[in-house]
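Below is one structure, written out as structure tokens; the observations come after it.
Residue numbers begin at 1 in each chain, while the letters A, B, ... track the order of the sequences. Just so it is clear, the values below take in all heavy atoms, side chains as well, and ignore hydrogens, waters and symmetry mates.
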Amino acid sequence: ASLEEVKAKGTIVVGIQGDNAPWGFVNSSGTQDGFDADVATLFAKEIGVNVQFQPLAVANRIPALTTGKVDILFATMAMTEERAKSIQYSKPYAANTIALYAAKADKVSTAEDLAGWEIGVPKSSSQDKAVTDAVGSSATVRRFDDDAATIQALISGQVKAVGGNQFYGQRLEAAAAGTYERKIDFLTTYNGVGTRLGEKDWNDTVNAFIDKIKANGELAAITKKWMGIELPQFPESIPNIPFTVN
Amino acid sequence: MNYQFDFGAVFERAPELLWATLGTFGLAFAGMALALVIGVVGVIGRTSPNKIVRAPVIAFVEIVRNTPFLVQIFYIYFALPLMGIRLNPTATAIIALGINGGAYAIEIIRGGVESIGKGQVEAGYALGLHKADVFRLIVLKPALRAIYPSLTSQFIMLTLTTSVCTSIAAYELTSAAQRIESDTFRSFEVYFLVTGIYLVISTVMMGIFALISRRYFSYPTR
Amino acid sequence: MISLEKVEKWYGAFHALKDINLTVRKGEKIVLCGPSGSGKSTLIRCINVLETIEGGRITVGGRVVDGSSKAVDAIRREVGMVFQSFNLFPHMTVLQNCALAPMRVRGMGRAEAEALARKYLERVRILDQADKYPAQLSGGQQQRVAIARALCLEPKIMLFDEPTSALDPEMVKEVLDTMISLARDGMTMICVTHEMGFARQVADRVIFMASGEIIEEAEPDVFFTSPKHERTKTFLGEILAHH
Amino acid sequence: MISLEKVEKWYGAFHALKDINLTVRKGEKIVLCGPSGSGKSTLIRCINVLETIEGGRITVGGRVVDGSSKAVDAIRREVGMVFQSFNLFPHMTVLQNCALAPMRVRGMGRAEAEALARKYLERVRILDQADKYPAQLSGGQQQRVAIARALCLEPKIMLFDEPTSALDPEMVKEVLDTMISLARDGMTMICVTHEMGFARQVADRVIFMASGEIIEEAEPDVFFTSPKHERTKTFLGEILAHH
Amino acid sequence: MGPIGANEFLFILQGLKWTALLAVIGFIGGGVFGILIAVTRVSKSATARAVAAAYIGLFQGTPLLMQLFVVYYGVALVGINVSAWLAVAIAFTLHASAFLGEIWRGSIQAVPKGQTEAANALGLHYVSRMKDVILPQALKISMPATIGFLVQLIKGTSLAAIVGFIELARAGQIISNQTYRPLLVFGIVGTIYFIICWPLSHFGTALEKRMAKAAR
Ligand SMILES: Nc1ncnc2c1ncn2[C@@H]1O[C@H](COP(=O)(O)OP(=O)(O)OP(=O)(O)O)[C@@H](O)[C@H]1O
Ligand SMILES: Nc1ncnc2c1ncn2[C@@H]1O[C@H](COP(=O)(O)OP(=O)(O)OP(=O)(O)O)[C@@H](O)[C@H]1O
Ligand SMILES: [Mg+2]
Ligand SMILES: [Mg+2]
């Protein structure tokens with residue numbers, strides 16, 4: 001639906017992840033929760049409508065948007081050139097730092113030091129790609145179903161290191177205080193809000209909204225609440241990924 | 001449906017799929033061998049007159065048969081290291097498959113052993129054979145023959161269960177499929193093709209089982 | 001050769017053998033008869049320790065049958081047994097059936113064991129079937145193989161438990177002939193059988209059991225013509241009516 | 001009522017019925033006998049199309065038995081059949097067994113079908129067992145239920161395939177009595193049976209088959225006292241020896 | 001790292017609801033199609049028999065996990081609104097129908113031939129013959145195996161976790177993602193499965209024993 005239709009209807013359908021805490025997940029009492037849910041709720045308030053969440057599986061996010069099943073995606077979408085051909089990204093509103101975590105005792109500073117190691121990552125995640133690109137065939141990459149299994153593999157000693165995002169440090173600390181640390185930063189990806197290509201009214205509205213919450217501290221508060229970190233620095237532009245409709 | 005099928009990107013990864021297929025075969029055969037050992041040894045315990053021997057075997061069988069393999073393999077992979085036993089995914093997968101198949105094998109083989117007449121056992125004793133020899137030389141083969149069809153279909157299932165080992169990152173076909181999928185985004189093509197490969201694998205397995213049966217159980221019965 | 005003294009056998013609360021006393025000399029042939037359930041099978045099964053006894057004493061070849069596995073092993077080597085239902089091993093050829101015990105129990109090599117097996121298969125006139133499987137043989141042939149298999153242990157005593165009662169009438173004779181020829185060679189034998197012709201021809205003594213007891217014991221001529229006890233008379237009346 | 005002309009039946013390469021010619025008039029009672037494997041069951045199974053024939057012609061009640069499902073339906077409604085092994089449906093009560101065909105084949109309502117079933121259960125003197133399951137009845141009772149079940153189709157012809165041979169001797173009589181009483185009522189019947197008393201008492205003709213052929217056909221008195229063929233004589237000799 | 005409290009436990013139990021629903025749907029759907037498969041498998045037409053045999057061979061010869069993937073993505077391709085729920089339900093129905101079909105084929109063939117003949121002799125038509133005479137008896141014969149498969153199916157629903165459907169096992173994964181106590185969570189999940197499956201298994205075995213005794 002167009003922005004006008006949504007405003008007329010009074011409800012916006014938001015595509016979101018249903019099982020990826022803390023980004024977007026259905027919480028223990030069965031309601032949608034998480035970082036994306038908070039930001040999306042704020043957005044709905046901004047345009048004066050009610051919010052209705054549609055949890056989506058990773059692979060269904062783009063099809064659900066392009067076929068009109070949802071109006072907008074607050075769905076932990078890392079911005080990539082590939083995806084930017086299918087949807088319109090907004091300015092970034094969240095960042096994800098992919099890094100290598102390993103025991104403090106292990107000396108490692110570059111990817112070359114990882115030769116012969118076993119490294120765990122969640123299957124098909126950004127970490128998977130980043131670690132695989134970095135180590136090539138010099139180390140064994142073990143791919144697990146999710147973050148919990150990956151972290152458990154490190155704690156159980158099934159792997160010597162894991163490729164993780166910014167939450168891993170906190171979680172490893174909670175599981176085994178003082179044992180693990182962040183070793184190598186591979187890359188940082190940025191999440192944008194997804195709208196349909198060419199729909200300028202949506203894109204403009206979202207960008208204005210993001211600028212506003214960045215400025216008034218609301219985004220920083222949500223970031224702190226869910227990730228325990230300060231608001232990261234966002235780039236002004238990313239090559240081949242336009243933030244606005246031209 | 002306006003989807004354009006494109007198997008090209010998937011076919012490019014044929015060598016990887018081939019190796020992974022071998023990995024699946026390897027897991028399956030090793031798992032079966034272990035299951036058979038567990039089955040045969042377990043049957044001895046399961047049919048023991050001593051309750052203290054029998055009870056843990058029964059508990060083992062019931063627990064394994066009434067919980068999902070996914071949960072079992074997860075436990076073996078992540079819990080054993082906490083007790084100081086660290087196994088790589090391949091070894092873990094083989095052990096998990098062996099344990100799972102073994103629990104079923106115990107019950108199946110028990111049915112076979114019980115189908116062997118008491119007279120056979122007594123004839124063995126009367127000839128002066130010891131208990132172990134009677135079991136090994138006289139009971140086992142006819143018992144296995146009696147339950148061969150159920151045992152092999154259980155082993156086909158075990159072969160197909162190797163696909164679940166992807167969740168501990170074992171080297172096998174489903175893991176390869178998921179990797180290729182995440183690289184090519186050709187989900188349907190990948191899984192369609194790999195399903196076909198599994199069909200070939202299970203067909204080959206059945207052929208092998210039939211061959212074994214013809215060689216090993218060729219003696220005539222009435 | 002064999003002696004049973006005051007043997008008592010219970011199955012739970014059921015008293016299967018009651019105060020059994022019996023001595024069998026070397027070379028003697030005993031025929032055991034009696035109604036169904038009288039304890040005939042139980043008695044001979046006690047001799048080669050397929051059953052344990054609750055009272056009394058059994059000695060076989062001078063050796064006391066106690067629970068010890070050494071005694072059990074020794075006795076089972078001395079005693080060959082032939083069952084009603086043959087109990088050949090279906091997954092082994094005739095030759096393998098016969099060679100099994102010599103190899104496993106007496107530790108022979110395969111060649112030696114098979115030579116022995118051939119010898120006894122010849123003895124029961126069935127050597128030409130050596131490479132067949134039991135299922136490919138007639139009942140009478142199977143029973144003769146079972147006899148050869150027991151003989152391969154080179155036992156001093158042979159026990160037969162109704163060896164012909166599972167056979168079709170045409171096949172009974174071939175098995176009886178084999179047993180008669182064994183008897184002629186001087187083998188010590190205890191046979192549970194109701195084949196009266198056989199009993200008359202070879203038995204030194206006929207023993208009649210009923211309800212777990214030995215009721216009567218006599219030479220065949222005496223036994224069949226002038227039995228002493230009422231129960232023996234009734235029993236003989238019954239089985240003779242069918243012949 | 002029934003006529004078979006030059007009927008030929010093959011099971012693969014086995015020639016089960018050879019040039020069978022037979023006419024059965026309304027109300028006639030035929031007894032079919034002959035050695036095992038002679039084709040008696042095959043013959044009557046062809047009549048109600050449980051088997052198809054390879055040559056010749058069968059007509060039942062004026063209707064030709066061709067493959068058409070219409071003819072098959074019509075004929076099966078006219079012909080009731082009772083099997084050696086009863087073949088009652090074990091998951092239905094006696095009443096349900098009997099009411100099934102009237103409801104499904106003749107489209108009766110439940111009440112009407114059950115009334116009919118009760119009538120024929122009464123007829124075979126077993127109405128008091130109507131609510132039991134087959135497994136709760138004796139063999140003779142089961143067979144009478146099977147007869148009642150067939151009667152519920154209100155057939156013009158009844159076929160019996162050794163209806164008493166699976167029964168314990170004590171129960172044979174009750175089933176034969178039922179059959180005799182049916183015969184008295186004028187039912188057209190073909191019975192495969194070796195019950196000679198029954199044959200003498202009710203049969204209009206006895207037909208003797210051997211190796212798929214009709215060898216001899218005569219009234220019972222003639223058949224039993226002066227059979228013409230050698231094979232018939234041998235056969236009669238055998239079955240009479242056992243009675 | 002968080003504690004496993006009432007909320008988390010409740011969440012897992014919600015997953016159980018879906019597991020149960022999935023098993024029920026698979027069992028009912030599989031049952032309906034399974035009867036069709038079984039009946040086709042014993043039909044007179046050789047072609048129909050071959051088709052049913054191929055269907056059974058396909059689903060018994062490939063992993064349930066792959067069936068889930070293929071249906072999940074296949075349904076999406078056909079353009080149907082892909083709720084994971086629908087795809088998973090379809091996959092389980094297909095899977096269960098093949099297995100139940102094969103179990104029931106065996107049971108149908110285990111009904112004595114005399115029953116069919118008696119039904120024929122009474123003039124009963126195919127539908128009545130099957131519905132009134134053969135299937136009720138076949139169903140009884142198949143009970144132990146059918147229950148055994150139901151247990152198999154309940155455990156099999158855990159694989160829906162791998163395609164992202166939130167049933168019991170997936171709920172456990174999510175909670176372990178939130179609390180970082182995977183071993184504890186999976187212990188709970190495993191126990192829940194056991195509590196459901198064990199009585200069923202037990203019932204099936206008891207039934208089998210009783211029927212074996214009755215047959216003697
Ligand atoms: N294992 C057992 N447990 C309980 N009772 C038994 C057992 N074996 C035999 N019996 C009982 O002991 C009695 C004697 O049995 P046995 O087999 O010795 O009789 P038998 O004289 O050989 O009879 P048959 O001529 O029928 O072979 C029978 O009443 C039998 O029921
Ligand atoms: N379905 C079949 N396939 C092959 N041969 C068959 C089949 N049914 C019967 N026969 C053969 O046809 C011959 C006649 O069989 P039928 O049952 O009619 O004999 P019968 O006279 O009824 O014998 P019985 O007194 O034993 O019942 C037999 O030799 C039998 O082996
Ligand atoms: Mg006996
Ligand atoms: Mg017949």
Side-chain angles (χ1 to χ4, degrees), chain B residues 36 39-40 43-44 47-51 53 108-152 209-222, chain C residues 41 44-45 47-51 69-70 72-94 96-107 131-139 142 145-146 149-155 157-161 166:
Chain B
L36 203 57
V40 170
V43 156
I44 298 172
T47 54
S48 158
N50 187 344
K51 208 170 170 175
V53 179
I108 293 173
I109 296 174
R110 179 167 72 103
V113 168
E114 284 174 357
S115 78
I116 301 304
K118 218 175 110 217
Q120 292 284 311
V121 177
E122 292 191 339
Y125 287 142
L127 286 174
L129 297 179
H130 289 156
K131 201 172 168 179
D133 272 349
V134 167
F135 183 78
R136 193 168 61 88
L137 300 170
I138 294 171
V139 174
L140 197 53
K141 193 167 173 178
L144 286 179
R145 174 177 170 140
I147 47 79
Y148 193 70
S150 355
L151 194 64
T152 51
F209 288 144
L211 223 65
I212 292 174
S213 162
R214 217 173 305 148
R215 280 206 77 98
Y216 188 68
F217 297 127
S218 62
Y219 64 90
T221 51
R222 263 184 237 256
Chain C
S41 299
I44 64 169
R45 290 161 57 84
I47 294 174
N48 74 341
V49 217
L50 286 180
E51 307 282 352
S69 71
K70 218 174 129 202
V72 172
D73 283 358
I75 284 159
R76 286 190 180 152
R77 262 185 229 196
E78 306 271 295
V79 180
M81 181 153 180
V82 177
F83 299 84
Q84 175 179 6
S85 48
F86 328 143
N87 290 333
L88 294 178
F89 306 133
H91 57 299
M92 301 180 186
T93 63
V94 162
Q96 288 166 343
N97 261 280
C98 293
L100 180 68
M103 285 167 66
R104 299 290 166 188
V105 179
R106 294 174 50 193
D131 293 324
K132 288 200 181 163
Y133 285 90
Q136 296 167 314
L137 304 182
S138 75
Q142 289 191 52
V145 173
R149 183 174 69 176
L151 290 175
C152 283
L153 275 174
E154 312 215 290
I157 304 147
M158 286 285 283
L159 308 176
F160 294 87
D161 192 357

Notebook entry, point to check: What option among B:G117, B:G124, B:P142 has the most heavy-atom pairs under 4.5 Å with chain C?
Noted result: B:P142
Item checked: Main-chain N/O of B:R145 paired to C:H91 side chain as donor or acceptor, under 3.5 Å -> no
Item checked: CA sep, side-chain torsions, deciding dist, call: B:H130, C:V105, side chain to side chain contact (heavy atoms under 4.5 Å, CB included) -> CA-CA 9 Å; B:H130 289 156; C:V105 179; over 6 Å; no
Notebook entry, point to check: Which atoms of B:I116 come close to chain C, meaning under 4.5 Å heavy atom to heavy atom: side chain ones, backbone ones, both, or neither?
Noted result: neither
Check: Do B:L127 and C:R76 have side-chain heavy atoms sitting under 4.5 Å apart?
Finding: no
Next item on the list: Please flag which part of C:R149 lies under 4.5 Å from any non-hydrogen atom of chain B: side chain, backbone, both or neither.
Entry: both
Next item on the list: Could you grab the distance from atom CZ of C:F83 to atom CD of B:Q120, nearest 0.5 Å is fine?
Entry: 9.5 Å
Note to self: Just verifying a value: how many Å separate C:M103 CE and B:L137 CG, rounded to the nearest 0.5 Å?
What the structure shows: 9.0 Å
Margin query: Need one label for C:F89: side chain, backbone, both or neither, based on atoms under 4.5 Å from any heavy atom in chain B.
Written below: both
Next item on the list: Could you tell me the separation between the OG atom of C:S69 and the NZ atom of B:K131, rounded to the nearest 0.5 Å?
Entry: 13.0 Å
Margin query: Between C:N87 and B:A123 (side chain of the first, backbone of the second, donor and acceptor by atom type, cut-off under 3.5 Å), is there such a pair?
Written below: no
Notebook entry, point to check: Between C:V72 and chain B, which part of the residue has a heavy atom less than 4.5 Å away: side chain, backbone, both or neither?
Noted result: neither
Note to self: Report which part of C:L88 has an atom under 4.5 Å of a heavy atom belonging to chain B: side chain, backbone, both, or neither.
What the structure shows: backbone
Checklist line | Stepwise side chain to side chain contact (heavy atoms under 4.5 Å, CB included) check, C:R104 with B:R136 | finding: CA-CA 12 Å; C:R104 299 290 166 188; B:R136 193 168 61 88; 3.5 Å; yes
Notebook entry, point to check: Would a 4.5 Å heavy-atom cut-off, applied to side chains only, mark C:R45 and B:E122 as touching?
Noted result: yes
Next item on the list: Please examine the side chains of C:L100 and B:L129, heavy atoms only from C-beta on, and report whether any two atoms are closer than 4.5 Å.
Entry: yes
Check: Can you say whether C:P134 sits under 4.5 Å from chain B via the side chain, the backbone, both, or neither, judging by heavy atoms?
Finding: backbone
